[in-house]
Amino acid sequence: MTDDFEVVSTDLAHMARLALLERSTDVRLFAARLVRKYRKTHPEIASELEKYLRVRPERGFSPLRDSTATAPAGTAETTSSPQDSDSRLSLLRTEDRSGAVTEPILAPALREMIDQLLKERSSAERLASRGLVPAGSAIFVGPPGVGKTLTARWIASQLGLPLLVLDLAAVMSSYLGRSGTNLRSAFDHARRVPCVLLLDEIDAIAKRRSDESDVGELKRLVTVIMQEVDEWPSTGLLLAATNHRELIDPALWRRFDLILEFPLPGPEEIQSAIERFAGRDGHEFGPLMPVLTSVLAGISLSDVERAIHRIRRGLALGRQLPADLVEDLMRETARPADRRSRIELAIRLSELGAISQHRVSELTGVSRDTLRKYQRDGGPEKPRDER
Ligand SMILES: Nc1ncnc2c1ncn2[C@@H]1O[C@H](COP(=O)(O)OP(=O)(O)OP(=O)(O)O)[C@@H](O)[C@H]1O
Ligand SMILES: [Mg+2]
């Protein structure tokens, strides 16, 4: 206990000295060191300090490039984030690490690849003994709302590292001539900090190509990214995410150690997501599981989340499951394109017993005759054999 007090008082005296000398950069560096030092032994102080560190200093604080130029390796997390000198927009955003990150629900094959990515990092020595290094970069590709950004966040939290997100819109915000410099300063900053760097929506650069006059500059920007990916140290982890594989320069694509495909969720993922998003209303959703998994097939988990939350709000306001709320939902989600799925959905809806056959037929586009036929012939499995 006495030892503990001594350590804290030495730190306090040192901090006061730096503050009184108005060495603000050193104060931040020292505060960040204390966060790491106290995280295990005094988590409250650590998180309090961390909160203060996130507050942007008011005018007059030296911008990143001045301060990181002298910062020793491993301490740059304490420097302010690089900004575009015109717009003063931050080029990098450090994601809040205080809350726990929920684990993404992923298809098993994808999950396995991510587990290996994490394992490689914790087994770097084992790999080194065979002359190998852990994968240092990965690009996530998939439709919107399937959990790419969430997974990046989760990976960072699993590794105990901050997630720095490169804001490409800010990088390109001022006149394009400065984008390359902006990009390099953002990478310089990220390289100095133990972190996961996320280039989210990396296709933003490619999308700008529509304007002919920008083409040359944008090409140079892609070249800068390529060089930066090449120079990225394997001690850090560089992630990129995109919805548009076709917009990414193949030469850039090739530079990532891993390409991870994020598909739309399958029935199992949808079911786990409904269970998760239903939260404390889980008991209300139980009997509806088959019908909801059918209704919500083919959409992203982000949309599933929105739908389930809306139903829950409806329930809280006294609306009734299943009839009104399922109907509501169906008005929004696309009717399944193939006949087999439509029939399956119709059977499940009519099994709920709360919606009339006539209404089920209207909602699904399956005639009542067809529906009756399949029900007579033995339930939802039957249509699978069709066609
Ligand atoms: N696989 C998933 N597991 C759990 N929740 C998910 C998943 N996918 C999406 N969500 C929910 O939807 C939200 C949005 O997902 P996220 O931002 O990660 O999607 P994205 O793939 O990055 O989309 P975009 O391409 O539009 O950026 C998440 O915060 C989460 O609440
Ligand atoms: Mg995203």
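For the numbers below, each heavy atom of this structure counts, side chains included, while hydrogens, waters and symmetry mates do not. Throughout, residue positions are numbered sequentially from 1 according to the sequence presented. If you're wondering where the values come from, they're calculated on a predicted model, not measured in any experiment. Indexing begins at 1, ligand by ligand and atom by atom, following the structure's order.
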Side chain to side chain, Trp154 and Leu106, heavy atoms closer than 4.5 Å: no
Exercise check, heavy-atom protein proximity under 4.0 Å to atom 29 (O) of ligand 1: no
Under 3.5 Å side-chain donor-acceptor pair for Glu120 and Gln116: yes
Ligand 1 to Thr149 polar contact by distance, N or O atoms, under 3.5 Å: yes
N or O contact, Pro144 vs ligand 1, cut-off under 3.5 Å: no
Polar contact flag for Gly147 and ligand 1 (N/O pairs, less than 3.5 Å): yes
Contact check: Glu305 vs ligand 1, nitrogen or oxygen atoms, below 3.5 angstrom: yes
Any donor-acceptor N or O pair under 3.5 Å, side chains Arg348, Ser294: yes
Contact check: Ile105 vs ligand 1, nitrogen or oxygen atoms, below 3.5 angstrom: yes
Thr151 N/O under 3.5 Å from ligand 1 N/O: no
4.0 Å heavy-atom contact, Ala241 with ligand 1: no
Geometric class of the Phe140/Phe262 ring pair [parallel <30°, tilted 30-60°, perpendicular >60°]: tilted
Polar atom proximity, Gly145 to ligand 1 (N or O, under 3.5 Å): yes
Proximal ligand 1 atoms for Glu201, defined as those under 4.0 Å from one of its heavy atoms: 27 (O)
Pairs touching residues 260-286 that satisfy side-chain hydrogen bond (donor to acceptor under 3.5 Å, both in side chains), sequence neighbours left out: Arg245-Glu261, Asp281-Arg312
Polar proximity ligand 1 side, Leu150 side, N/O cut 3.5 Å exclusive: yes
Asn243 neighbourhood, listing ligand 1 atoms whose heavy-atom distance to it stays under 4.0 Å: 25 (O)
Listing, residues 127-139 side-chain donor-acceptor contacts under 3.5 Å, not counting sequence neighbours, or none:
unit_1, atom_1, unit_2, atom_2, d
Ser129, OG, Arg126, O, 2.6
Ser137, OG, Asp257, N, 3.0

Criterion side-chain contact (heavy atoms from CB on, under 4.5 Å) against Leu164, the qualifying member of Glu95, Arg93, His189: His189
Separation between NZ of Lys37 and CZ of Arg39, rounded to the nearest 0.5 Å: 14.0 Å
